[in-house]
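Here is the structure we will look at, set down as structure tokens.
Note that the structure is a prediction, hence the values are computed from the model and not measured. Protein chains get the first letters and strands the later ones, always in sequence-line order, with residue 1 at the start of each.
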Amino acid sequence: MPFTVATWNINSVRLRMPIVERLLKEHAPDVLCLQETKVPDELFPEKAFRKAGYEHILFHGQKGYHGVATVARRPIELVEKRRFCEIDDSRHLSVRVQAGGKSVLVHNFYVPAGGDEPDPEINRKFRHKLDFVQEMNGVPASADESSASILVGDLNIAPQEHDVWSHKQLLNVVSHTPVETTNFEAMRKAGGWVDLMRLNVPAEQKLYTWWSYRAKDWEASNRGRRLDHVWSSANLLPDFTGYEILQAARGWQKPSDHVPVMAKFDLD
DNA sequence: ATGGTCGGCCCCCGA
């Protein structure tokens with residue numbers, strides 16, 4: 001049995017419970033990291049997760065905005081709910097889980113979207129996004145012979161040319177501007193993180209995890225972006241056996257604009 | 001074609 005970790009920005013966990021249950025039933029990840037839960041902790045739908053076999057539930061939520069949660073079929077231990085940029089947004093949660101004799105630290109992130117104007121001088125949300133990514137330098141891929149790290153989430157940046165439907169047309173669009181993509185890749189590499197979704201995929205192959213709600217037909221226009229990511233420490237590479245972007249979920253009833261990404265490891 | 005659609009929630013903000 002492989003060890004699987006999935007990430008999904010579900011844009012309101014309460015509204016999206018039916019399709020979250022579908023994911024759990026059809027794909028049964030060992031650990032599921034959710035972003036944009038948009039629910040305060042006291043109203044988190046724990047019962048539905050327990051009923052689906054996910055009895056281990058940790059959340060870091062707030063009213064109305066943001067919010068992350070990590071649920072699992074096996075025990076998870078809370079490590080940290082980190083605060084970034086000295087702002088009390090719920091954007092991070094890390095947990096420890098045992099898999100294949102290793103202790104695995106799983107970070108769940110929701111990076112700020114950054115607003116519309118890609119100029120930190122006039123757009124405080126873009127400034128916040130840049131500062132947040134800078135501060136992620138303080139989250140390295142810690143690892144030794146008995147421990148490893150995984151970092152997943154909606155990181156709201158599509159770093160590579162073929163992580164967007166049109167590199168040229170998105171160069172000045174928040175999520176794909178050079179200042180974002182350059183700093184993002186520098187932070188990832190400095191932290192010792194491996195981009196698992198690109199590891200065995202040619203650079204010229206398009207990869208998307210998000211399709212706008214605003215398209216008339218998201219599938220026909222296919223103007224996607226790879227905003228959701230799965231990273232790991234280098235010592236997990238021998239155990240990494242592949243991943244799947246569950247694109248079909250974009251067409252499920254009342255979908256999120258993001259789809260789940262699920263990575264598999266030969267650990268149990 | 002410089003629009004368009006969502007979700008939460010207090011009549012607008014963030015994505």
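For the pair A:Thr70 (side chain) and A:Cys33 (backbone), a donor-acceptor distance under 3.5 Å is absent.
When the C1' atom is used for both B:dG7 and B:dC11, the distance is 15 Å, rounded to whole Å. With C1' as the reference atom, B:dC10 and B:dG14 are 15 Å apart, rounded to whole Å. B:dC9 and B:dA15 are spaced 15 Å apart, taking the P atom of each and rounding to whole Å.
Counting non-hydrogen atoms of neighbouring residues, nucleotides and ligands closer than 6.0 angstrom, the CD atom of A:Glu26 exceeds 12 such neighbours.
What separates CG of A:Leu15 from C1' of B:dT5 is a distance of 14 Å, to the nearest Å. Going from atom NZ of A:Lys63 over to atom P of B:dG7 covers 18 Å, rounded to whole Å. Taking atom CD of residue A:Gln169 and atom C1' of nucleotide B:dA1, one finds them 13 Å apart after rounding to whole Å. What separates CH2 of A:Trp252 from C1' of B:dC6 is a distance of 19 Å, to the nearest Å. Between the CH2 atom of A:Trp218 and the C1' atom of B:dG4 there is a distance of 17 Å, rounded to whole Å. Protein atom CH2 of A:Trp210 is 13 Å distant from nucleotide atom P of B:dC6, rounded to whole Å.
A salt bridge between A:Glu46 and A:Arg50 is present, with a side-chain N of the basic residue lying under 4.0 Å from a carboxylate O of the acidic one.
With hydrogens and angles left out, the side-chain atoms of A:Gln134 and A:Asn183 include no donor and acceptor closer than 3.5 Å. Inspection of the A:Glu180 and A:Ser175 side chains reveals no N or O donor paired with an N or O acceptor under 3.5 Å.
Between A:Arg14 and B:dG7, a side-chain N or O to OP1/OP2 separation shorter than 4.0 Å is absent.
For A:His107 and A:His92, the ring centers are positioned less than 6.0 Å apart.
A 4.5 Å side-chain heavy-atom check between A:His128 and A:Phe84 finds every atom pair outside the cut-off.
If you check every strand for non-hydrogen atoms under 4.0 Å, A:Arg223 touches nothing.
Two residues, A:Arg16 and A:Lys216, neighbour DNA chain B, and the one matched to the more 5' nucleotide by heavy-atom proximity is A:Lys216.
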Are there any protein N/O atoms within less than 3.5 Å of an N/O atom in nucleotides 13-15 of chain B, and if so, which ones and at what distance?
residue	atom	partner	partner atom	Å
B:dG14	OP1	A:Arg124	NH2	3.3
B:dG14	OP2	A:Lys125	NZ	3.2
B:dA15	N6	A:Arg214	NH2	2.6
B:dA15	N1	A:Arg214	NH2	3.1

